[in-house]
Each structure stands twice: as C-alpha cells, then as structure tokens.
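Have a look at the structure below before the remarks.
Remember, predicted model here, so these are calculated numbers, not experimental data. When a ligand or atom number is given, it counts from 1 through the structure's own listing order.
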Amino acid sequence: MPNIVEGNLVAVGKRFAIVAARWNDIFSDKLVSGACDALVRHGVDDDDITIFRCPGCFELPQVAARAAESGKYDAIICLGVLIRGGTPHFDYIASQATRGIGTVAQDYPIPVSYGVLTCDNLEQAIERSGSKAGNKGVEAALAALEMANLFEQMETSE
Ligand SMILES: Nc1c(NC[C@H](O)[C@H](O)[C@H](O)CO)[nH]c(=O)[nH]c1=O
Ligand SMILES: CC(=O)[C@@H](O)COP(=O)(O)O
C-alpha cells in the first residue's frame, strides 16, 4: 500500500489571513462570512483569523504577498467578486488577479487559496455566494485549511 500524505480538516493553532476585495460587497461580504464560519467550525480560533480588505480583485495579489511576507500566517485565503460589465475590463482584472494570486502561491512557502467569483451576471454571483451553488468562500477556506495541514504533514514526513 503506497504512503498517502494528506491534510485533514482539523485546525489546531493555525493562523489564517483572509484577503478580500470590497467591490460587489453584497456578495464578497458573504464569501468572507462563509470563510470565517467554515474555519471556526473546524476549530480555528477567532483570534487566529485576520481579515484584510482591499478595494478590488486587482489588489488581492499585492495584499496576499504582504501577508505571506510577514510570516504571521499558516495560510492565505483570497476572496473577491468580479461581475462582467460592458467592456473587456473584466477579462483584464480577472486574468491579472488570478495570475497574481498564483504567483504569490508559488513565491511563498505557505498555501494560498482562490475564492474569486468571475461572473457574467448578478444571478451567478448570488448562486455562488451562499445559495444554490454553495459559497466559494467556504470552499476556499476549507482548501486553505487542508493545505496548511498538508504542508505540516509534508514537513514532518520529510
Ligand atoms: N469591476 C470590478 C473591480 N474593479 C476594480 C479593480 O479590481 C481595482 O480595484 C481598480 O481597477 C483600482 O485598481 N473589482 C472587483 O473586485 N470586482 C469587479 O467587478
Ligand atoms: C469587472 C469590471 O471591471 C466591470 O464591472 C467594469 O464594468 P465595465 O466593463 O462596464 O466598465
């Protein structure tokens, strides 16, 4: 039987940074509350969750990098809501925010999870921020928690 190294979903003393864009805050606030609720329900202490709010998704990577650089967190959760408008602006922000978050994940030795909604319309945002399609903030928080534990397992198994 091969050795399987994986992270569980029990948080003991793990510290999380939530980096969340304010744009479309009727939805992004729901992603934040979903993420916080998921972490607390899995044993994370309220005091071990720090929420950074930035203007929009374009700024997410900059803040995530600063949080990673600080060394204060075991994982970073990036949240935002992009809703397509009438120009290509959406595409540029979505691609840059995604690229930037991925770069932070690669440049720093801590997990960075992705909870950015990229929606064509309001209904898609409604569905993905706590209704029929779930809450992407919850998903991103649980991914960050699992990855933080996986990284810890990898360190001890090396
Ligand atoms: N249209 C959306 C934006 N636009 C703002 C940019 O993210 C950025 O804050 C601005 O260009 C200043 O640098 N941001 C979102 O998060 N969601 C949108 O739908
Ligand atoms: C995602 C956006 O940047 C978008 O909301 C901007 O709308 P528009 O393309 O109509 O300027």
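- Distances between N or O atoms of Arg84 and those of ligand 2 include no value under 3.5 Å.
- The nearest protein atom to atom 7 (O) of ligand 2, hydrogens excluded, is given as Gly85 CA, 3.6 Å; this is a heavy-atom distance.
- Nearest non-hydrogen protein atom to atom 11 (O) of ligand 2 is Thr87 OG1, 3.7 Å.
- Annotation for ligand 1: atoms under 4.0 Å from non-hydrogen atoms of Ile83 are 19 (O).
- Considering backbone and side-chain N/O atoms, His89 comes within less than 3.5 Å of an N/O atom of ligand 2.
- Looking from atom 10 (O) of ligand 2 to the surrounding protein, the closest heavy atom is Gly86 N, 2.8 Å.
- The heavy atom nearest to atom 3 (C) of ligand 1, out of those in Phe90, Phe27, Trp23, Phe58, is found in Trp23.
- Only the side chain of Asn24 comes within 4.0 Å of ligand 1, counting heavy atoms alone; its backbone N, CA, C and O stay farther away.
- Ionic pairing of Arg53 and Asp29 is present here: one or more N-O contacts between side-chain nitrogen and carboxylate oxygen are shorter than 4.0 angstrom.
- Residue His89 places no N or O, backbone or side chain, under 3.5 Å from any N or O of ligand 1.
- Taking the charged nitrogens against the carboxylate oxygens, Asp74 and Arg15 do have a contact shorter than 4.0 Å, which makes a salt bridge.
- In terms of protein heavy atoms, atom 17 (N) of ligand 1 is closest to Val81 O, 2.8 Å.
- Protein heavy atom nearest atom 6 (C) of ligand 1, with residue, atom name and distance: Ile93 CD1, 3.7 Å.
- Below 4.0 Å from some heavy atom of Phe90 lie the following atoms of ligand 2, by number and element: 1 (C).
- Using a 4.0 Å cut-off between charged side-chain N and carboxylate O, Arg66 and Glu69 make no salt bridge.
- Considering backbone and side-chain atoms together, Cys57 places an N or O closer than 3.5 Å to an N or O of ligand 1.
- Shortest contact from atom 9 (O) of ligand 1 to any protein heavy atom: Glu59 OE1, 2.7 Å.
- The CD1 atom of Ile49 sits 5.5 Å away from atom CD1 of Ile18, with the distance rounded to the nearest 0.5 Å.
- Each of the following atoms of ligand 2 lies closer than 4.0 Å to a heavy atom of Ile93: 3 (O).
- Residue Ile83 places at least one N or O, backbone or side chain, under 3.5 Å from an N or O of ligand 2.
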